[in-house]
Amino acid sequence: MSDRKTPRPKARLPRGFRDRGAEEIARERAVVEKIRAVYESYGFEPLETPAFEYTDALGKFLPDTDRPNEGVFSLKDDDGQWLSLRYDLTAPLARYVAENFQNLPKPFRRYQVGQVWRNEKPGPGRYREFTQCDADTVGSNSPAADAELLMMLADTLDALGLKGQYAILINNRRVLDGIMDAAKIDASRKGTVLRALDKLDRLGVDGVRQLLGAGRKDESGDFTKGAELSENQIETVLTFPTRKSLAGIEIGAGGQAAYDELVSIRNIVDSTHGEGHIVLDPGVVRGLDYYTGLVFEAQLKFPVKNEKGEEVVFGSVAGGGRYDDLVSRFTGQQVPAVGFSIGVSRLLSALQERAPVALDPLVVVLALDDTARSFAMARELRGAGLRAEAYVGNRKFGDQLKYADKRGAAVAVIEGADERARGEVTLKDLALGAELSKSVESRAAWVKDRPAQISVKRGDLVAEVRKMLARH
RNA sequence: GCAGCUGUAGCUCAGUUGGUUAGAGCGCCGGAUUGUGGAUCCGGAGGUCGGUGGUUCGAGACCACCCAGCUGUACCA
């Protein structure tokens with residue numbers, strides 16, 4: 001170790017990114033397959049778009065040379081044009097629809113599963129790369145399209161084993177507008193009010209009341225300025241969210257029509273799916289600029305724990321709404337659209353302890369002194385549909401067993417010179433052995449007894465391995 | 001962005017009012033055991049004490065600034 005000119009790089013993940021291992025990948029695949037199956041059964045067709053888009057096609061965050069990566073990950077292409085990693089699947093959809101408008105059936109119903117990236121500060125359970133599972137209907141302003149998506153979301157959550165354990169909360173932005181008009185909130189404060197209402201689930205009524213009034217101090221002591229509404233205004237704005245009632249509030253013709261539409265959408269879903277899936281909830285706001293009518297979120301009714309085992313306010317596992325202006329950015333034509341997005345990673349962490357996914361058991365064939373024979377046995381086991389591998393390292397026998405143990409293998413297959421001479425193989429039940437080892441004190445006795453292993457005819461390899469696996 | 005807290009081995013952390021050569025547990029590697037996982041025992045590798053400057057005879061510790069991480073909050077498609 002002589003003079004090292006450059007210091008070693010530190011092995012570390014970029015902030016907000018994660019590695020994912022076998023178990024999580026298996027769980028995500030299983031979940032995504034269930035979601036896909038439901039979407040496809042509804043006739044939604046899959047679409048894939050690239051990770052990069054031209055930045056101006058994504059909208060909103062146009063990079064300038066000083067701050068090219070505000071909110072999104074951006075880079076400059078060879079020809080000087082800005083590219084960005086997509087931050088959702090909806091903006092690429094709008095681009096796709098605008099680009100292929102004449103060839104698409106209207107309504108165009110598609111789903112898309114993919115990673116999205118956001119260049120922002122990560123938080124607990126919040127990353128800069130995550131998977132979304134979107135379904136959208138473009139080209140229909142009918143409540144039928146809204147209702148269909150709500151049904152499909154309900155069926156999807158049912159298919160994931162969450163039947164009866166969630167509620168889809170729906171609201172309409174025009175109802176909120178009506179309420180704010182009734183409270184005589186001037187236009188400059190509406191944004192602040194909506195943002196405050198959006199935080200009901202996290203901050204509670206008292207926190208939101210502070211944000212609507214003078215302001216709120218967070219637990220670090222930092223102060224957030226409020227909307228400075230009067231007591232009366234605050235009461236009016238909070239009446240619907242807290243008492244779930246519009247009694248005594250005149251929300252105007254537009255607001256009333258939007259409210260009636262919400263009720264009719266709920267009734268459609270109730271008629272096909274039974275009551276209780278859809279709940280009118282005025283606390284649902286979902287952002288500011290994007291949605292134009294219906295907004296909704298799916299919330300889990302059961303408590304969710306974080307990595308430390310603490311119960312957390314979980315928020316929504318899926319959300320969406322109606323956005324009627326997205327395609328017009330490209331074409332100038334209003335194209336009504338409605339859609340939702342399932343946050344697959346969030347859903348997975350919520351599902352973790354409730355619906356574990358079991359991996360197929362693994363068989364490891366140890367390679368004592370004849371690699372070719374080990375490979376042949378592993379191949380034979382694979383041919384029988386088992387997950388099997390031959391040891392490809394170069395360590396001694398004891399270490400090979402340690403390896404099998406660490407892999408979580410269920411069975412080890414051993415064929416050394418002794419076994420071969422007898423035309424047999426030794427099968428070791430690693431799971432059973434791990435259990436037995438708890439009561440063994442001395443290594444000598446453990447080695448001598450060789451628990452949980454049997455010798456079988458080489459020709460019966462597959463059948464005997466199957467028999468051993470069947471015990472668990 | 002704002003605020004609070006925290007930075008010592010791969011990980012989790014200890015390190016007395018500032019005092020010699022910076023420690024522990026876990027993990028890793030080797031051995032006890034040329035063919036048997038766990039536990040145990042023995043040995044080993046692994047550190048610019050986040051960085052820079054300052055105070056001091058002396059700084060991992062004290063001060064200033066910077067950087068990074070975590071948490072909350074703001075913004076958020």
Side-chain angles (χ1 to χ4, degrees), chain A residues 1 4 7-8 10-16 53 58-61 67 70-72 84-94 116-126 132 134 191-192 195-196 198-199 202-203 207 210-211 215-226 285-291 306 308 319-321 323 326 329 339 341 364 366-369 395-409 411-412 414-420 426 428-453:
Chain A
M1 221 17 80
R4 203 163 42 229
R8 290 196 189 96
K10 193 168 167 62
R12 63 199 182 120
L13 273 171
R15 193 167 65 116
E53 295 279 349
L58 289 178
K60 281 210 93 153
F61 296 94
R67 311 179 71 192
E70 181 76 7
V72 298
S84 295
L85 283 174
R86 65 189 180 202
Y87 53 77
D88 70 10
L89 299 175
T90 311
L93 171 67
V116 302
W117 296 268
R118 296 184 185 178
N119 187 9
E120 60 192 6
K121 196 188 114 176
R126 217 181 143 167
Q132 289 195 331
D134 280 32
T192 312
R195 280 192 286 267
D198 204 18
K199 296 176 175 66
R202 193 155 46 83
L203 303 180
Q210 287 165 18
L211 283 176
R216 175 177 179 274
K217 222 184 243 183
D218 73 30
E219 57 187 68
S220 72
D222 191 31
F223 183 75
T224 306
K225 197 170 180 302
V285 180
R286 297 197 66 77
L288 289 184
D289 301 327
Y290 187 75
Y291 293 113
N306 64 11
K308 294 175 195 150
Y323 51 98
L326 229 52
R329 272 202 15 252
S341 177
V364 174
L366 304 189
L368 274 76
D369 46 20
R395 320 270 315 247
K396 63 186 184 183
F397 183 54
D399 290 324
Q400 295 193 24
L401 269 175
K402 282 183 187 163
Y403 167 84
D405 191 42
K406 207 159 225 176
R407 290 295 324 268
V411 174
I414 303 161
E415 192 210 45
D418 299 351
E419 286 90 350
R420 197 171 308 137
T426 296
K428 199 169 177 66
D429 188 332
L430 295 173
L432 179 59
E435 202 51 43
L436 294 176
S437 74
K438 285 175 189 160
S439 56
V440 174
E441 259 126 61
S442 93
R443 183 193 145 71
W446 170 248
V447 171
K448 181 162 163 286
D449 291 349
R450 294 184 180 173
Q453 71 182 53

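If you're wondering where the values come from, they're calculated on a predicted model, not measured in any experiment. Within every chain, numbering begins at 1; the chains are lettered A, B, ... in the order of the sequence lines, protein sequences first and strands thereafter.
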Next on the checklist: Return a single string for nucleotides 7-13 of chain B, one symbol per nucleotide in 5' to 3' order, where B is base contact, S is sugar-phosphate-only contact and - is none, cutoff 4.0 angstrom on heavy atoms.
Outcome noted: -------

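Here Ala417(A) lies in heavy-atom contact (under 4.0 Å) with a base. Leu203(A) comes within contact range of the sugar-phosphate backbone alone, with a heavy-atom separation under 4.0 Å but no base atom that close. Looking at heavy-atom distances under 4.0 Å, Leu366(A) makes no contact with the nucleic acid at all. When heavy atoms are screened at a 4.0 angstrom cut-off, Gln132(A) is found touching no nucleic acid atom at all.
When rounded to the nearest whole Å, the span between CG of Asp88(A) and P of rA77(B) equals 9 Å. For Leu93(A) and rA77(B), the CG to C1' distance is 13 Å, given to the nearest whole Å. rA77(B) atom P lies 14 Å from atom OH of Tyr323(A), rounded to whole Å. Between Asp399(A) atom CG and rG37(B) atom P there is a gap of 10 Å when expressed in whole angstrom units. In this structure, Leu211(A) atom CG and rC75(B) atom C1' are separated by 13 Å, rounded to whole Å. When rounded to the nearest whole Å, the span between CD of Gln210(A) and P of rA74(B) equals 11 Å. Rounded to whole angstrom, the span from the CG atom of Asp198(A) across to the P atom of rC75(B) amounts to 9 Å. Note: CZ (Arg15(A)) to C1' (rU71(B)) measures 13 Å, nearest angstrom.
Projected onto RNA chain B by closest heavy-atom contact, Gly221(A) and Thr224(A) fall at different nucleotides, the more 5' of which corresponds to Gly221(A).
Considering every non-hydrogen atom in both Gln132(A) and Ser341(A), the closest pair reads CD-OG, 3.3 Å.
Of the candidate nucleotides rA74(B), rA3(B), rA77(B), rA3(B) has the atom nearest to the side chain of Asp222(A). Picking from rC75(B), rG35(B), rG72(B) the nucleotide with the shortest atom distance to the side chain of Arg195(A) gives rC75(B). Taking the side chain of Arg118(A) as heavy atoms from C-beta on, and the options rG35(B), rG37(B), rA77(B), the nearest nucleotide is rA77(B). Of the candidate nucleotides rG37(B), rU73(B), rG35(B), rG35(B) has the atom nearest to the side chain of Asp418(A). With distances taken from any side-chain atom of Arg216(A) to the nucleotides rU73(B), rC29(B), rC70(B), the minimum falls on rU73(B). The side chain of Ser220(A) sits closest to rG4(B) out of rG35(B), rG37(B), rG4(B). Listed candidates were rG72(B), rG37(B), rG35(B). Nearest to the side chain of Phe397(A) is rG35(B). Each of rU73(B), rG37(B), rA77(B) was ranked by its minimum atom distance to the side chain of Arg202(A); first place goes to rU73(B). In this structure, the nucleotide among rG69(B), rC75(B), rU36(B) sitting nearest to the side chain of Arg126(A) is rC75(B). Distance from the side chain of Asp218(A) is smallest to rU73(B) among rG35(B), rC70(B), rU73(B).
Between Tyr291(A) and Tyr323(A), the angle of the ring planes goes over 60°, which puts this pair in the perpendicular group of the 30/60° scheme.
Glu419(A) and Thr426(A) are linked by a side-chain donor-acceptor pair at a separation below 3.5 angstrom, with hydrogens and angles left out of the test.
Nucleotide rU16(B) forms no Watson-Crick or G-U wobble pair with any nucleotide shown, as no partner meets the under 3.5 Å limit on both distances. Pairing for rC29(B) is with rG43(B), a Watson-Crick or G-U wobble pair whose two hydrogen-bonding atom distances lie under 3.5 Å. The nucleotide rC65(B) finds its pairing partner in rG51(B), both defining distances of the Watson-Crick or G-U wobble pair being shorter than 3.5 Å. Nucleotide rG4(B) forms a Watson-Crick or G-U wobble pair with rC70(B), both donor-acceptor distances falling under 3.5 Å.
Checking side-chain atoms of Glu53(A) against main-chain N and O of Ser84(A) turns up no donor-acceptor pair under 3.5 Å.
Lys396(A) contributes no side-chain N or O that forms a donor-acceptor pair with the base of rU36(B) under 3.5 Å. Contact annotation: side chain of Glu120(A) to base of rG1(B), donor-acceptor pair absent below 3.5 Å. With hydrogens and angles left out, the side chain of Lys199(A) and the base of rU73(B) share no donor-acceptor pair within 3.5 Å. Interface remark: the Gln453(A) side chain does form a donor-acceptor pair with the rU36(B) base, using a distance-only criterion of under 3.5 Å. One cannot find a donor-acceptor pair under 3.5 Å joining the base of rG38(B) and the side-chain atoms of Lys402(A).
A close approach under 4.0 Å does not occur between any side-chain nitrogen or oxygen of Lys121(A) and OP1 or OP2 of rA68(B).
Residues forming a salt bridge (charged side-chain N to carboxylate O under 4.0 Å, His left out) with Glu415(A) (at least two apart in sequence, or on another chain): Arg373(A), Arg420(A).
Looking only at side-chain heavy atoms (C-beta outward), Thr224(A) and Asp218(A) stay at 4.5 Å or farther from each other.
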Item to check | Worked check of side-chain contact (heavy atoms from CB on, under 4.5 Å) between Leu430(A) and Leu401(A) | outcome: CA-CA 9 Å; Leu430(A) 295 173; Leu401(A) 269 175; 4.2 Å; yes

